[in-house]
Protein chains: 2
Amino acid sequence: MATTTASQRRAGAKAEYDAFLAGCPSRQLLERISDKWVALVLAALSGDGPHPGAVCTGEPRPMRYSDLARRISGVSQKMLTQTLRSLERDGLVTRTVTPTVPVTVTYELTDLGRSLQELMYGVKVWAESHMAEVQTNRDGYDHAHGTP
Amino acid sequence: MATTTASQRRAGAKAEYDAFLAGCPSRQLLERISDKWVALVLAALSGDGPHPGAVCTGEPRPMRYSDLARRISGVSQKMLTQTLRSLERDGLVTRTVTPTVPVTVTYELTDLGRSLQELMYGVKVWAESHMAEVQTNRDGYDHAHGTP
DNA sequence: CAGGATCCAGTAGGATACTG
DNA sequence: CAGTATCCTACTGGATCCTG
């Protein structure tokens with residue numbers, strides 16, 4: 001482990017990114033994707049249908065703008081559009097315009113987007129499945145400290 | 001898949017949380033953990049040492065406040081403290097004060113924290129390992145649209 | 001339907017100074 | 001060392017209005 005191996009140098013183009021470093025592009029990328037709207041948009045596009053029981057099938061389906069807006073409750077059109085634009089720019093989703101009247105726009109995960117979605121989906125599921133435990137911890141903490 | 005199974009109903013207490021719903025506590029939890037500082041603190045506590053080659057060993061080690069501050073470049077003491085407090089409150093890390101002089105404070109992942117860390121670590125690694133590809137996509141996007 | 005453009009309040013978060 | 005407290009700015013993000 002002392003000297004760099006050939007394979008390590010070959011992967012150098014990737015390994016040079018270190019999110020721990022403030023100036024590193026990967027830090028900014030981490031910042032971008034560490035976003036609830038990103039997580040929810042990716043989850044929606046992954047085919048994670050309405051609860052209950054709708055475990056992500058792994059079969060991503062294209063969704064229209066209004067579908068996404070409806071699925072992700074509470075999102076403003078500004079945030080939804082902004083999130084979709086940035087995801088499109090980064091190559092995580094594709095945007096397809098069908099010249100019907102009125103126009104139809106569908107979004108779909110790319111392979112790259114799918115690779116991230118699998119990770120982010122886990123985070124979303126974690127939040128849902130550990131909420132109760134976290135709440136218990138919070139109660140304990142709040143009781144131990146202030147607000148007794 | 002049409003009818004709910006017994007196991008599905010048994011997990012009902014968890015399934016009732018749906019991060020797609022604006023008011024749901026799990027949405028707020030998702031919001032909390034979808035944070036770059038959370039990702040970086042968890043990664044640091046997971047034993048993800050300085051690059052290169054320091055793939056997360058899975059052996060979480062306790063770290064002192066100043067160690068974390070040094071490891072996570074660019075973090076302000078305010079953000080670091082704030083992040084650590086919220087993680088402690090949620091039961092993801094433990095805070096241990098050793099009454100030396102000056103005082104020594106160490107942070108360590110709990111089991112719950114470890115379970116989230118494994119997911120978040122994947123996201124951090126994803127950011128680092130796909131940065132180049134994303135950058136290429138951005139260049140293409142920017143070229144196709146404005147700034148030709 | 002699918003946004004673009006604007007305005008504006010709220011807050012995240014950096015800088016700095018002080019403490020047990 | 002490991003914070004707390006305060007100030008202050010800049011950006012986030014919601015609300016609203018408008019367009020192809």
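Numbers restart at 1 for each chain; the letters A, B, ... are given by sequence-line order, proteins then strands.
- With the nearest nucleotide of DNA chain D identified for both A:Lys36 and A:Pro102, A:Lys36 has the one nearer the 5' end.
- Atoms CZ (B:Arg70) and P (D:dA2) sit 9 Å apart, rounded to a whole Å.
- Here C:dT11 presents its P atom at 16 Å from CE of A:Met79, a figure rounded to the nearest Å.
- Between B:Arg95 and D:dG3, a side-chain N or O to OP1/OP2 separation shorter than 4.0 Å is present.
- No single ILVMFWY cluster, assembled from side-chain heavy atoms under 4.5 Å apart, contains both A:Leu21 and B:Val123.
- Note on A:Ser66: every side-chain N or O is 4.0 Å or more away from OP1 and OP2 of C:dC1.
- Of the two residues contacting DNA chain C, namely A:Val105 and A:Lys78, the nearest-nucleotide position lying further toward the 5' end is that of A:Val105.
- Whole-Å rounding puts the A:Gln77 CD to D:dG14 P distance at 9 Å.
- In terms of phosphate contacts, B:Thr104 brings no side-chain nitrogen or oxygen within less than 4.0 Å of OP1 or OP2 of D:dC1.
- Looking at the side chain of B:Thr81, the nearest of the listed nucleotides D:dT4, D:dA2, C:dG14 is D:dT4.
- The distance from atom CD1 of B:Ile72 to atom P of C:dG14 is 12 Å, rounded to the nearest whole Å.
- Atoms CZ and OG, on A:Phe20 and A:Ser26 in that order, are 10.5 Å from each other to the nearest 0.5 Å.
- The nearest whole Å value for the distance from the CG atom in A:Leu80 to the C1' atom in C:dA2 is 10 Å.
- Close to C:dG3, at under 4.0 Å from its OP1 or OP2, lies a side-chain N or O of A:Tyr107.
- Taking atom CD of residue B:Gln28 and atom C1' of nucleotide C:dT11, one finds them 16 Å apart after rounding to whole Å.
- One finds a salt bridge joining B:Lys124 and B:Glu128 here, because a Lys/Arg side-chain nitrogen approaches an Asp/Glu carboxylate oxygen to under 4.0 Å.
- One finds no side-chain N or O of A:Arg64 lying less than 4.0 angstrom from the OP1 or OP2 phosphate oxygen of C:dC1.
- Per the geometry, CH2 belonging to B:Trp37 stands 17 Å off C1' belonging to C:dT11, to the nearest Å.
- Under the 4.5 Å side-chain heavy-atom criterion for grouping Ile, Leu, Val, Met, Phe, Trp and Tyr, B:Leu92 is not connected to A:Tyr141 through any hydrophobic cluster.
- Residues B:Val41 and B:Val75 are not in side-chain contact: their nearest non-hydrogen atoms beyond the backbone lie 4.5 Å or more apart.
- Protein atom CG of B:Asp35 is 14 Å distant from nucleotide atom C1' of D:dT12, rounded to whole Å.
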